[in-house]
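Below is one structure, written out as C-alpha cells; comments come after it.
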Amino acid sequence: MSAAPLFPGFDGLMTLSRREGVDIRPTLLRVLTDLYVQARSHSPDEERQFVELTSRLIEQVDDATRAAVRSRLAIYPGTPLKTMIQLGLRPARPSDPVPLAVEIAAAPAAAEPAVRQPTEVELRLASNLSMQPKDAAEISDLFFAASSADRAAILYNLNDTPLKASARIPELRAKRALHILEMAAFASDAENFALELGEALILPARIAAQVTNDPGGEPLACAMKALDTPSPIFQRVLLFLNPEFGTSVQKVYRISRLYDRLTERSALVMIAAWRGSSMATARAKYRPALYDEGRQRARAVPGERRPAVQPGSAPIVRTGTDKPER
C-alpha cells in the first residue's frame, strides 16, 4: 500500500512493522492516532485513509495499546464509524455517522478484560531489540523529513517502542560536553558546536551538523536530552546558537515544551538510529564486488568479421615468365 497523503513518510514505518524481530506496530498505531486527533475535522478521503491504515494494526497490537487508542478515539468527535465498531465504541445514536464527544464520554464503556501490566523485567527484555543499519537509516530519514507535528509524535512514541536505546552518556563526559557546547552556543559557533556534539554522542560529522543546523529544533532537543541537559541550559543554547531562531517566541515556546515532555529513552533510541544510519551509508558505499561482477558489467563487443578469402588460401597460378631469383 502506497503512502497516504494524510500521513506522508510512513512507508518506512510500515516496512519496519512487517519485518521479523522489530515490531513497531504499536508505536505506528499510536502515532497515526495522535496525528489524526490533532485536526478538528477531516475530509472523507482523509477518513478513508485513516481507516485503511489502522484497521489491520488494531487487530495486531497488544491489549494495552488497543486500550490507549480506544480511550483517545472515544472522546474524539471525528472518529470514523468503522473504527468505532472495531474498537467496540457505541455511537450516540444509530442515525449519527459520527458520535458526539460529550455523549461518547458519558456513555458507559464496554466491559473489557483486565489487562495485566508487564513487569519491569518484561519491559527491560522487550526493549532489547537492536536496530539493523537499514532500519535505523529509514527511521532517521523519516524523522528529518517529517513536519514539526510529526517529529513530536515520533519522539513521544519512541518511548514505547521495543527498539534498543543507546547507552547513557557518562555523567562526567556529559557535563564537560555541556560546558563546551554552551560556550560555543554563546559565540554562535555552529561548527565547533557540531564537532563537540558529534564527539560527545558518538555521531558522524554529517549527522551532527544536520542536528545542529536543523531549522526546526527538534533534533537539537533530542540530542541535548540525551546529554541530560537541564531545561534552562537548553533554552539558552536554543536562543544563542541560532539568533534567527530566537526571533519567534512561539517557536521557542513550542520547542521548550517539547523538550520538557521528551523522555530520555526516546532521545537515546533516536541517537541509536542516527548511529546506525551511518553504518548503512558506509555499507552502501563500500559494497564488496563479486568475482564475476566485472564480467557481467562488461559491454558485449561484436566479433570481427573474417574475410571470405583468407590470405594464402587462393591457388597460385604460375606463368611461364616467372624466373627464380638468384
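Quantities reported herein were computed from a predicted structural model and do not represent experimental measurements.
- Using a 4.5 Å heavy-atom threshold, the side chains of Arg66 and Leu29 count as separate.
- Taking both residues in full, the closest heavy atoms of Gly216 and Lys251 are given as O-CE, 4.2 Å, listed atom of the first, atom of the second, then distance.
- Although no hydrogens or angles enter the test, the distance criterion places no donor-acceptor pair under 3.5 Å between the side chain of Arg236 and the main chain of Phe186.
- Remark: side-chain polar atoms of Thr83 are not paired, donor with acceptor, to backbone N or O of Val51 under 3.5 angstrom.
- Using the six-membered ring where Trp is involved, Tyr76 and Tyr36 have ring planes that are perpendicular, over 60° apart on the 30 and 60° scheme.
- Scanning both residues, Thr33 and Phe50, for their nearest heavy atoms gives CA-CE1, 4.1 Å.
- When only modelled atom types and interatomic distance are considered, Asp45 and Gln49 share a side-chain donor-acceptor pair under 3.5 Å.
- The pair Glu182-Lys175 does not count as a salt bridge, with every side-chain nitrogen at least 4.0 angstrom from each carboxylate oxygen.
- Partner Leu220 forms a side chain to side chain contact (heavy atoms under 4.5 Å, CB included) with one of Asp214, Leu241, Ile255 and no other, that one being Leu241.
- For the residue pair Glu264 and Lys225, the shortest heavy atom distance occurs at CA-CG, 4.1 Å.
- Contacts of Glu59 classified as side-chain hydrogen bond (donor to acceptor under 3.5 Å, both in side chains), with partners at least two apart in sequence or in another chain: Gln86.
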Review point. Would Arg254 and Glu218 count as a salt bridge (charged side-chain N to carboxylate O under 4.0 Å, His left out) if you check the C-alpha gap in whole Å, the side-chain angles of each, and the deciding distance to 0.1 Å?
Key: CA-CA 10 Å; Arg254 178 180 60 83; Glu218 295 85 4; 2.8 Å; yes
